[in-house]
*Asks:* 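What follows is a structure written as structure tokens; I'll ask about it next.
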Amino acid sequence: MSNWQELEHKYFMHTFDRVPVTLVRGEGARVWNEDGREYLDFVAGWAVNSLGHCHPVVAEAVAEQAHTLIQTSNQFYTIPQLRLAELLVQNSCLDKVFLCNSGAEANEGAVKLARRYGKLNLNGAYEVITAMNSFHGRTLAMTAATGQPKFQQPYLPLPLGFINVEYNNIAAIKSATTNQTCAVMLEPVEAEGGVNIPDDKYLAAVRGWCDQKGILLILDEIQTGIGRMGTLFAYEQYGIEPDIMTLAKGLGSGVPIGAIMAKDRASVFVPGDHGSTFGGNVLACAASYAAVKFITDSDIAGNAKRVGSYFITGLEGLKHKFDFITDVRGRGLLIAMEFSSDIAQSVLMACLDGGLLVNRLKPNALRFMPPLIIGNEEVDEALGILDRALSSIVS
Ligand SMILES: *Cc1c(COP(=O)(O)O)cnc(C)c1O
């Protein structure tokens with residue numbers, strides 16, 4: 001164990017099951033450890049580094065802003081915040097933006113917004129229907145929203161007002177809807193929960209139900225948004241529009257930032273209803289503006305779509321070769337590979353030996369979420385390392 005890893009054990013709360021690598025530098029899809037060993041990074045800060053590590057447009061925006069103005073509070077107008085808000089609205093179906101610092105915080109705000117809407121328009125309805133195997137963040141309320149007992153059990157009792165129902169099952173949403181329901185909150189694809197892709201018609205059916213009942217549809221696009229699934233936002237692939245959408249992860253290409261977006265009709269906050277000290281701070285906004293501008297101008301989502309399907313084809317090839325691979329699934333550059341037994345950690349460690357960083361999604365599944373700027377060459381390299389890693393598991 002390196003010195004740094006010993007320090008972690010000594011000083012850091014033991015909440016993360018870390019891989020034994022200390023990273024000190026990154027560039028594009030590559031990172032280096034303290035000894036100068038290079039890795040191809042298919043974790044990308046947990047689907048965060050959309051433009052890879054230290055992309056020049058992001059690094060320059062941060063450096064320039066850091067020398068100009070870093071934080072002012074929301075008592076004042078600042079320019080990067082408003083440029084970012086305009087860019088997000090111009091590139092989406094939503095009309096208004098609130099900026100915060102993380103995904104969980106964006107979802108908390110979205111639920112507050114939906115409850116506010118319920119107070120104003122639905123006789124005080126406050127319940128939010130969410131899905132089993134979802135992931136909405138780690139705050140107490142988002143733990144209640146996240147339909148995974150392992151995250152909930154240690155923290156009971158949880159805040160009230162969340163109903164977890166089966167994903168990809170419109171009947172389950174219908175039967176959970178009462179006159180206390182103000183919103184349904186879903187991920188377009190359940191990312192942390194298994195890269196679970198719903199039937200093509202599911203989200204349209206949920207949209208139709210919400211319209212019929214006059215309740216709001218909140219899409220958590222924290223992981224799927226900003227190009228990850230091959231379109232700027234995943235909702236575009238389902239032919240629907242949410243009333244509220246949350247973003248974080250890839251939004252700042254590495255810099256912490258989150259956003260709540262809403263249609264005008266759902267944008268019911270008035271001054272004092274919600275707030276944030278750091279939310280929308282100039283530094284994060286300058287970085288995020290530079291990242292999103294580059295992503296939209298250069299069709300990075302299109303690249304994710306092309307390279308993602310090339311990658312999936314390659315992974316399907318490995319599935320034919322190794323019979324213990326039971327499934328390969330994904331859209332764009334959010335991809336999972338599932339095994340017939342709990343070997344994900346061994347495959348992960350073998351990939352690490354080969355110089356490839358991957359994520360363990362479940363004991364029997366890996367997740368690949370590389371930077372969206374990679375090309376087929378990086379995919380070929382990753383497939384080669386993965387092939388050797390899988391071979392070493394069999395023998
Ligand atoms: C990561 C994630 C979150 C939580 O984001 P944090 O920034 O870790 O709070 C919420 N929803 C989804 C879909 C996510 O992938």
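Start at 1 and go down the list; that is how both ligands and their atoms are numbered. Keep in mind the model is a prediction, meaning the values are calculated, not measured.
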*Asks:* Is the number of heavy atoms from other residues, nucleotides or ligands under 6.0 Å of Glu27 CD greater than 12?
*Replies:*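 Not more than 12 within 6.0 Å, no.
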*Asks:* Give me the residue, atom name and distance of the protein heavy atom closest to atom 12 (C) of ligand 1.
*Replies:*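 Scanning the protein heavy atoms, the shortest distance from atom 12 (C) of ligand 1 goes to Phe135 O, 3.3 Å.
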*Asks:* Examine the proximity of ligand 1 to Thr224 and report which part, side chain or backbone, both or neither, has a heavy atom under 4.0 Å away.
*Replies:*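 The answer is neither; Thr224 stays 4.0 Å or more away.
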*Asks:* Determine whether more than 12 heavy atoms belonging to other residues, nucleotides or ligands lie under 6.0 Å from atom NZ of Lys213.
*Replies:*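 Counting neighbours around NZ of Lys213, 12 or fewer heavy atoms of other residues, nucleotides or ligands fall under 6.0 Å, so no.
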*Asks:* Heavy-atom distances under 4.0 Å are what count here, so tell me which part of Ala248 touches ligand 1: side chain, backbone, both or neither.
*Replies:*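 It is neither part, as no heavy atom is under 4.0 Å.
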*Asks:* For Gln223, is at least one N or O under 3.5 Å away from an N or O on ligand 1?
*Replies:*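 Among all N and O atoms of Gln223, at least one is under 3.5 Å from an N or O of ligand 1.
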*Asks:* Under 4.0 Å from a heavy atom of Ser102: give me the atoms of ligand 1 that qualify, with their elements.
*Replies:*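 Contacts of ligand 1 toward Ser102, numbered from 1: 7 (O), 9 (O).
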*Asks:* How about Phe151 and Phe135: are their ring centres within less than 6.0 Å of each other?
*Replies:*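 Ring centres of Phe135 and Phe151 closer than 6.0 Å.
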*Asks:* Do other residues, nucleotides or ligands put more than 12 heavy atoms under 6.0 Å from the CG atom of Leu160?
*Replies:*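 At most 12 heavy atoms, drawn from other residues, nucleotides or ligands, come within 6.0 Å of this atom.
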*Asks:* Do me a favour and list the nearest non-hydrogen protein atom to atom 1 (C) of ligand 1 with residue, atom name and distance?
*Replies:*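 For this ligand atom, the closest protein heavy atom is Lys249 NZ, 1.5 Å.
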*Asks:* Show me which atoms of ligand 1 lie under 4.0 Å from any heavy atom of Gly137.
*Replies:*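 Under 4.0 Å from Gly137, ligand 1 has these atoms: 4 (C), 10 (C).
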*Asks:* Nearest protein heavy atom to atom 6 (P) of ligand 1, by residue and atom, and its distance?
*Replies:*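 Looking at atom 6 (P) of ligand 1, the protein heavy atom closest to it is Gly103 N, 3.5 Å.
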*Asks:* Check Pro242, Ser92, Pro188 against Glu221 for a side-chain contact (heavy atoms from CB on, under 4.5 Å) and give me the one that passes.
*Replies:*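 The residue from Pro242, Ser92, Pro188 that satisfies side-chain contact (heavy atoms from CB on, under 4.5 Å) with Glu221 turns out to be Pro188.
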*Asks:* Please determine whether the number of non-hydrogen atoms from other residues, nucleotides or ligands lying under 6.0 Å from atom CG of Asp35 exceeds 12.
*Replies:*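 Check passes, neighbour count above 12.
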*Asks:* What are the atoms of ligand 1, with element, lying closer than 4.0 Å to any heavy atom of Glu187?
*Replies:*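 Going through ligand 1 atom by atom, the ones under 4.0 Å from Glu187 are 13 (C).
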*Asks:* Ignoring hydrogens, tell whether any protein atom lies closer than 4.0 Å to atom 8 (O) of ligand 1; use the non-hydrogen atoms only.
*Replies:*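 So atom 8 (O) of ligand 1 lacks protein heavy-atom neighbours under 4.0 Å.
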*Asks:* Tell me whether the guanidinium CZ or amine NZ of Arg207 lies under 6.0 angstrom from the six-membered ring centre of Tyr235 and within 45° of its axis.
*Replies:*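 Here Arg207 fails the 6.0 Å and 45° test against Tyr235.
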*Asks:* Tell me, which protein residue and heavy-atom name are nearest atom 11 (N) of ligand 1, and how many Å apart are they?
*Replies:*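 Answer, as residue, atom name and distance: Asp220 OD2, 2.7 Å.
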*Asks:* For ligand 1, is any non-hydrogen atom under 4.0 Å from His136's backbone (N, CA, C, O), its side chain (CB onward), both, or neither?
*Replies:*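 His136 to ligand 1: backbone contact only, side chain stays beyond 4.0 Å.
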*Asks:* Which atoms from ligand 1 have a heavy atom of Asn107 less than 4.0 Å away?
*Replies:*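 Per the distance check, 10 (C), 11 (N).
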*Asks:* Would one find more than 12 heavy atoms of other residues, nucleotides or ligands at under 6.0 Å from atom CD of Glu64?
*Replies:*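 Check fails, neighbour count at 12 or below.
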*Asks:* Tell me whether the NZ or CZ atom of Arg306 lies within the 45° cone about the ring axis of Tyr310 and under 6.0 Å from its centre.
*Replies:*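 No - Arg306 does not lie over the ring of Tyr310 by the 6.0 Å and 45° rule.
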*Asks:* With atoms numbered from 1 as shown, which atoms in ligand 1 lie under 4.0 angstrom from a non-hydrogen atom of Ala104?
*Replies:*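 Counting from 1, the qualifying ligand atoms are 4 (C), 5 (O), 6 (P), 9 (O).
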